[in-house]
Protein chains: 2
Amino acid sequence: MDHRPRERVPVLADVARVAGVSVPTVSRVLTGATPVSDKTRKRVDDAILELGYRPNEAARALVRGRQSMVGIIAGNTTRFGYAATIQGIEEAARAAGLLVAITVVNSATEADVKAAVDLMLGQPLAGVIVLDFDLQGERALSALPETLPIAVVTSTNDGRAARRVLFDDHKGGYEATKYLLSLGHETVHYVAVPSSGRPSGRLVGWREALLEAGRKVPEVVLADWSAQSGFEAGLILAGLSDVTAVLSGNDEIAFGVMKALQLNGLSVPDDVSVVGFDDHPHAVLWSPSLTTMAQDFVQLGASALHLLVAEREGADGPADASSPSPHLIVRDSTAPPRAGGAGRTIH
Amino acid sequence: MDHRPRERVPVLADVARVAGVSVPTVSRVLTGATPVSDKTRKRVDDAILELGYRPNEAARALVRGRQSMVGIIAGNTTRFGYAATIQGIEEAARAAGLLVAITVVNSATEADVKAAVDLMLGQPLAGVIVLDFDLQGERALSALPETLPIAVVTSTNDGRAARRVLFDDHKGGYEATKYLLSLGHETVHYVAVPSSGRPSGRLVGWREALLEAGRKVPEVVLADWSAQSGFEAGLILAGLSDVTAVLSGNDEIAFGVMKALQLNGLSVPDDVSVVGFDDHPHAVLWSPSLTTMAQDFVQLGASALHLLVAEREGADGPADASSPSPHLIVRDSTAPPRAGGAGRTIH
DNA sequence: CTGAAAGCGCTTACAG
DNA sequence: CTGAAAGCGCTTACAG
C-alpha cells in the first residue's frame, strides 16, 4: 500500500501560476459567477486537473459567511425512531445540497451535554436539528446559543423558542389504549420509554384513556429503548396476576415483552394482548405479528430539515410543522381477553 | 415564538473592543497557548460572556490548516451492520474531539456517487471513512481524491490504496457452513446480501466449505439487506424440496426467511435450520432464537477512526487493522435434519 | 473579460 | 505579559 507523505496540497494560487492567469480569474471559473473567456477557462480547467486542485472549503466558508452543513444532536443513532428520523434529515439535506453532521449526547449529565454541544458548535454550521426524544435532547436544546438557527423534533410545545416539528404522541397513547379497552380488557398496563423530564405524551394519553373509562391505572413499568429492557419489563408483568393487555412505549420493547410472556407460558394474544409504537420493520414479521401505533419518522426528519432551511433563508412562513397523526395498525398480537378469564384470573 | 432576525454574530474584534484589549490577546485567552495576566483574562472572559461570543471555526480551520471533522460515506445508515459501524466511528471520534459528518450514497450510479462525494468534499475534512459493504461504497472509494486521508472498512484486500480495517467475511461463511454440515445436513442453501462487485467473502466461504465436503452447491438466492427481502427469499426456498439448512447473508434476512418458512408450514429448526450473520439485537429474542455468526461492528468502526487519526498524525504505524474473527453463536434455529426426512423429502 | 486590492475572522511569529 | 503586523486561501467589489 502507498503511504508516502502527501505533498503540500495545491491552492488556488498554484492553479493561477500554472495556468498563467491571476488568482481572481481562477476563482471566477470555479464559482461561475462572472463570464470568463473560453480560452482562459480551458487553461484554468487544465491546470486544475493537472494539480488535482480542490478548493479549501474553510476559506470559502470564511469569506462567504454561509455554511452548508447542518448538525444533528441526538441521544443515540441506532434505535429505530432515532435512526429513521436521522435518515429523513439526511435525505432531505442531501437533496438541498447540505451535509449532515451528527453528535450523540451520551447522557443528560452536564459534562456529556456540554461535550456534545461544544463539539457541534466547533464547526461552521448552517443550523442544528435536535431530536428532543429524551432528557439528553432536552438539555442539549437548552444549551444551544440563541444565535443559531435551530429546529427540533418534539412532541411538546414547552421549552425554548425554536422551530418545531410536532408529532402527536399524546393521541397515539390515547388511541392505542382506547383500542385495547374496546376489545374488552379491564385495564391496560404500560411499559414506558425514557422521556424528556416530564411524562411522555404517550404515557399521558394512556392514563387519560383509562381515567376517562373509569378504569384503574396500573403502575408504570420503566424501560429504556431496547428490546432487552422490554424483556425485563415482560418478566415483571408475567409475575402479576391481572395483566391481559400491555401497551409498550416502542416496538422493540414490545418484542421483549412478548418474548418474556411467552417464556412464562403465556400466549400472545390469547392470554395477553400487546401493542407497540412506531411500526418497526420487524413488527410485521414477529410471531405473532405486532399491533402497533405507526409513526412516520422519516417524514418527521425531512420536515425538520425543511423548517431549518426556511429559517436559514429568513422565510416568514409558519414557524412550526406538524406531522400526520400516528395511526393504529392492527395485527395478530391483540385480541379480546379470554372469556371468563380461563387460565388467568382477572383481578 | 421568537423569530426576530438575529443580530450580527459577534467576532473576536468585538470582544477585544469590549474588553479593551488587542485582538491577539483575546485569541491567547481563547487558545490558552501563551500566558495572559489574570486581570486581562478576566476582562476578556467577561466580554465573551457578555457578547455570547463563539469562535468562527471556518476561520480557525483556515489559519490552523487542521480540520476536526471526519466524513463517513455509506450505502445507508439504518441497517444493523451499517448503523453499528457508524456508532463505533462516532463514539471514537467524539472521544478524539472530532465531529462526524455522514452522507449516504443512494445507488452505485455515477450521478449518485458523484453527488455524495462532492457533498462530502465540499467541507473542511480531516479525512474520510468509507463503508465498503456494497457497490456504492466501492465506487465512492474510487472517486475520492488521493490527497485526502482515507480509511475503509472492508472485507477485501483489493482496490485502491487506503488504510483498511479488514473483517474476515470469508471465514464467517466458511465456519457457518461447516457447522451446518457437521449437524448432518446434506447441503446448505445461501441467501446473499448485496456485494461490492465481486462475490462477497461470506458467499465464497460458503461455497468453499461445500466443495471441500464434496457437496453440491445450490443456486444462490439474492436479497437486499432487509427482512422483507429475506421473506421473499424464504418463499422461494419453501417451494424447493431439498432445503434443510439455510445460511442467510445477515440476521434480518434470516428473520424474513424464518417467517416465510413458518407460514408455509415448515418448522425451524425441525424441518429447516437457519443461520444468520451479525448477531442483531433481535436474534436472541426471535422465535426460535437465531443461531448466527457474530461480528463486532462497533469495534470495526472504532478501529477505522483510529486508523484515520494515525494517518492524519503522520504515524508510520501499521497501515491496516484487522478485527477479531467472527464467531458462531449457537441458539435454537439450528438442529440436525429430521431422521429419514420425516415430513420432508431430502433430495 | 481580466487584474490589483481589500477583506472574511482568526492565529502565530516578532518585537518590546 | 501584550500589541502591531503578517498571513491562512479564498471571493467580491473596483477599476480598466
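Letters A, B, ... are given to chains in the order of the sequence lines, protein chains preceding strands, and every chain is numbered from 1. Bear in mind that the values here come from a model prediction, so they are computed numbers and not experimental data.
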Distance-only donor-acceptor hits, side chain of residues 81-89 of chain B, under 3.5 Å, sequence neighbours excluded:
residue, atom, partner, partner atom, Å
Y82(B), OH, D134(B), OD2, 2.5
Y82(B), OH, W225(B), NE1, 3.4
T85(B), OG1, G81(B), O, 2.7
Q87(B), NE2, E91(B), OE2, 3.0

Ignoring backbone atoms, test whether R64(A) places a side-chain nitrogen or oxygen under 4.0 Å from the OP1 or OP2 oxygen of dC10(D). no
Separation of dC8(D) C1' from D14(A) CG (nearest whole Å): 14 Å
Sort and list the pairs that fulfil ring pair (Phe, Tyr, Trp, His ring centres under 6.0 Å) and have at least one residue in residues 15-53 of chain A, not counting sequence neighbours. none
Rounded to the Å, how far apart are Y53(A) OH and dG9(D) P? 10 Å
Distance only, no hydrogens: is a donor on one side chain within 3.5 Å (strictly under) of an acceptor on the other, for S107(A) and T109(A)? yes
Could you note down all residue pairs passing salt bridge (Lys or Arg N to Asp or Glu O under 4.0 Å) where residues 113-126 of chain A supplies at least one of them, sequence neighbours left out? K114(A)-D118(A), D118(A)-R54(B)
Whole-Å gap separating C1' (dC10(C)) and CD1 (I48(B)): 13 Å
If you look only at pairs with a residue in residues 86-110 of chain B, which of them pass as a ring pair (Phe, Tyr, Trp, His ring centres under 6.0 Å), with sequence neighbours excluded? none
Show me the pairs that pass salt bridge (Lys or Arg N to Asp or Glu O under 4.0 Å) and involve residues 24-34 of chain B, at least two apart or across chains. none
Which listed nucleotide (dT11(C), dC10(D), dG9(C)) is nearest to the side chain of S27(B)? dT11(C)
Whole-Å distance, L62(A) CG to dT11(D) C1', equals 10 Å
From the options dG9(C), dC10(D), dC10(C), select the nucleotide whose nearest atom is closest to the side chain of P55(A). dC10(D)
I'd like to know if R43(A) pairs up with E50(A) as an ion pair, taking the criterion as any Lys NZ or Arg NE/NH1/NH2 lying under 4.0 Å from an Asp or Glu carboxylate oxygen. no
With T78(B) via side-chain hydrogen bond (donor to acceptor under 3.5 Å, both in side chains) - residues at least two apart: none
Salt bridge (Lys or Arg N to Asp or Glu O under 4.0 Å) contacts touching residues 10-19 of chain B (sequence neighbours left out): R8(B)-D14(B), D14(B)-R17(B)
When you compare the protein's N or O atoms with those of nucleotides 2-6 of chain C, which come within less than 3.5 Å of each other, and at what distance?
residue, atom, partner, partner atom, Å
dT2(C), OP1, S37(A), OG, 2.8
dT2(C), OP1, T40(A), OG1, 2.3
dT2(C), OP2, S37(A), N, 2.9
dT2(C), OP2, T40(A), OG1, 3.4
dG3(C), OP2, S22(A), N, 3.1
dG3(C), OP2, S22(A), OG, 2.8
dG3(C), OP2, T25(A), OG1, 2.7
dG3(C), N7, R28(A), NH1, 3.2
dG3(C), N7, R28(A), NH2, 3.4
dG3(C), O6, R28(A), NH2, 2.4

Under a 3.5 Å cut-off on both pairing distances, which runs of 3 or more consecutive Watson-Crick or G-U pairs involve DNA chain C? C:1-3 with D:14-16, C:5-12 with D:5-12, C:14-16 with D:1-3
Return the value, rounded to whole Å, for the distance between atom CG of L30(B) and atom P of dT12(C). 11 Å
Atom-pair distance (CG on L12(A); P on dC8(D)), nearest Å: 13 Å
Between N56(A) (CG) and dG9(C) (P), how many Å, whole number? 17 Å
Taken to the nearest whole Å, CZ/R17(B) to P/dG9(C) is 13 Å
